[in-house]
Amino acid sequence: MTALRVETLDTTVEAPADRFALWVEMAGRVSAPVAFTSDHAADFQGHARMIDLGGVGLTRFRYQSLVGRRTPRLIRQADPEVYQIALAMSGNCAISASRRDTAIPVGDFTLVDWGRPHDLAHAGGGDGQAPAASVTAVVPRALLPLDADKVDRLTAARLCGSEGPGALLAQHLHRITRHPEQFRAGDVPYLADVTLSLVSALLARHLDAEDELPAEVRQQALLAQVREFLDRHLDDPELSPQVVADAHHISLRTLHRLFETEDETVAGAIRRRRLERCRRDLADPLLRHRPVHLIGRRWGLTDPAHFSRVFLAAYGMGPRAYRASAAPSH
């Protein structure tokens, strides 16, 4: 199957004199043209991984300190009519826009409207030598199901990335941009929808406007929350649809209805995720001395006979046979 469309830029493989210009050009394509300056412009070191989700773009950045200005003149030349929501991962980040000056701590988001003037600065952390880093999502303004005037209030604001929809969005962006090889081109519409739903949920939370979100957006955000909960509790042998429903303060019927549009039931999702973790561990040479039944137990499959049966049904061979087939040949 075709993989996600991923583009990378590593300035260190280019001639030093060309590096900063290449970075500025790339940044302009990711979002919009910006007047950048940097103390490191003569030999700029940066890395970017860009993932195209068909109108929604994700980018994982690592770079030396820089300052950018989105001027009225640049806006007149090109307004892509997009928002960019940026998660600070390291360094010291600050943004000024709409008469607001905000420092964005590591682990939090800010919202950038590329149709409005703003200034931004991102410096390396620690002794100044560590690189700055961020992960961003660019979304068309027209696709956000929120009143544009209300969203404008959040421009250059600090948005929490450690709890609620912010934590879910951070986890979502990290997973895709760290491991794009885990996804295929056919996943693009789904990944774009989830990204938009989580961005919308985060903004709505800060606007106290969650009830204004369309039902399908709230459903997609809740589904993402449930999936994240499953992944965190796979090692619990008591994990069940009822436990999941109770944790999210919804009825079991509502939970099952949430999965009606999916290709699997809640119980099926739990089982598949557990088996995927078991398969990964069985193929890990560092775990080859761990007994098979302990690998099953690690992921909530405490009955060895049941573990063998469901693994065989899923992969066409038992866990021991799979481990043997995954072992490197000598």
Side-chain angles (χ1 to χ4, degrees), residues 1-2 4 53-56 58 137 139-140 142-146 163-176 179-180 182-205 209-279 299-301 306-307 309-316:
M1 296 177 64
T2 307
L4 285 183
L53 298 181
V56 173
L58 309 184
V139 300
L143 294 184
L144 284 184
L146 291 165
E163 60 182 34
L168 291 175
L169 177 59
Q171 292 156 6
H172 174 74
L173 297 180
H174 279 312
R175 183 178 181 191
I176 298 173
H179 301 291
Q182 295 180 352
F183 303 95
R184 298 293 178 259
D187 298 325
V188 162
Y190 165 75
L191 294 174
D193 284 347
V194 173
T195 303
L196 284 166
S197 294
L198 292 176
V199 170
S200 299
L202 173 60
L203 300 181
R205 169 70 64 87
E210 290 167 296
D211 290 343
E212 299 177 19
L213 292 175
E216 60 270 19
V217 173
R218 295 198 302 270
Q219 177 173 308
Q220 190 68 260
L222 177 58
L223 192 56
Q225 186 175 347
V226 167
R227 289 195 180 101
E228 190 273 335
F229 180 86
L230 295 183
D231 287 338
R232 283 192 291 113
H233 293 86
L234 291 175
D235 60 343
D236 181 0
E238 301 301 318
L239 183 64
S240 68
Q242 187 64 63
V243 168
V244 176
D246 291 345
H248 293 85
H249 309 291
I250 59 177
S251 68
L252 188 57
R253 181 179 181 183
T254 299
L255 179 64
H256 286 310
R257 190 182 303 123
L258 189 65
F259 275 74
E260 283 179 354
T261 58
E262 302 297 296
D263 294 331
E264 58 190 355
T265 63
V266 187
I270 295 171
R271 181 173 57 252
R272 177 179 59 79
R273 282 168 156 76
R274 282 175 165 164
L275 289 173
E276 286 175 349
R277 301 304 193 283
C278 290
R279 183 170 67 161
W299 298 110
L301 297 167
H306 173 70
F307 172 38
R309 283 196 303 272
V310 294
F311 194 97
L312 175 63
Y315 302 118

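The CG atom of Leu239 sits 4.0 Å away from the CD1 atom of Ile270 when rounded to the nearest 0.5 Å. To the nearest 0.5 angstrom, Leu58 atom CG is 6.0 Å from Leu173 atom CG. In this structure, CG on Leu222 lies 6.0 Å from CD on Gln225, to the nearest 0.5 angstrom.
When all heavy atoms are compared, the tightest approach of Ala314 to Leu275 is CB-CD1, 3.8 Å. In plain terms, the two heavy atoms of Pro140 and Val56 that are nearest each other are CD-CG2, 4.5 Å. Here the closest non-hydrogen pair linking Ala224 and Leu168 is O-CD2, 4.2 Å. Arg205 and Gly164 get closest at one heavy-atom pair: NH1-CA, 4.2 Å.
Taking 4.5 Å as the limit, every side-chain heavy atom of Phe311 sits out of range of all side-chain heavy atoms of Arg274. No side-chain heavy atom of Leu255 sits under 4.5 Å from any side-chain heavy atom of His248. Arg272 has its side chain within reach of Glu276: a pair of non-hydrogen atoms, C-beta onward, lies under 4.5 Å apart. With a 4.5 Å cut-off on side-chain heavy atoms, Leu258 and Val266 do not count as touching. Side-chain contact between Thr265 and His256 is absent, with no heavy-atom pair separated by less than 4.5 Å. Residues Arg175 and Gln182 are in side-chain contact: their nearest non-hydrogen atoms beyond the backbone lie under 4.5 Å apart.
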Query raised in the report: Between Leu312 and Arg309, does a side-chain contact (heavy atoms from CB on, under 4.5 Å) hold up when you go through it step by step?
Result: CA-CA 5 Å; Leu312 175 63; Arg309 283 196 303 272; 5.9 Å; no
**Report entry** Pair Val226-Phe259, side-chain contact (heavy atoms from CB on, under 4.5 Å): steps then yes or no
**Finding:** CA-CA 10 Å; Val226 167; Phe259 275 74; 3.9 Å; yes
Report task. Output, in order, the C-alpha distance, side-chain angles, deciding distance and verdict of side-chain contact (heavy atoms from CB on, under 4.5 Å) for Gln219 and Thr261. Result -> CA-CA 11 Å; Gln219 177 173 308; Thr261 58; 4.2 Å; yes
Side chains of residues 193-201: which donor-acceptor pairs under 3.5 Å do they make with residues two or more places apart or in other chains?
from   : atom 1 : to     : atom 2 : distance (Å)
Thr195 : OG1    : His172 : NE2    : 2.7
Thr195 : OG1    : Leu191 : O      : 2.7
Ser197 : OG     : Asp193 : O      : 3.0
Ser200 : OG     : Leu196 : O      : 2.7

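Within the structure, salt bridge (Lys or Arg N to Asp or Glu O under 4.0 Å) contacts touching residues 222-247 (residues at least two apart or in different chains) are Arg227-Glu262, Glu228-Arg232, Asp231-Arg273, Asp231-Arg277.
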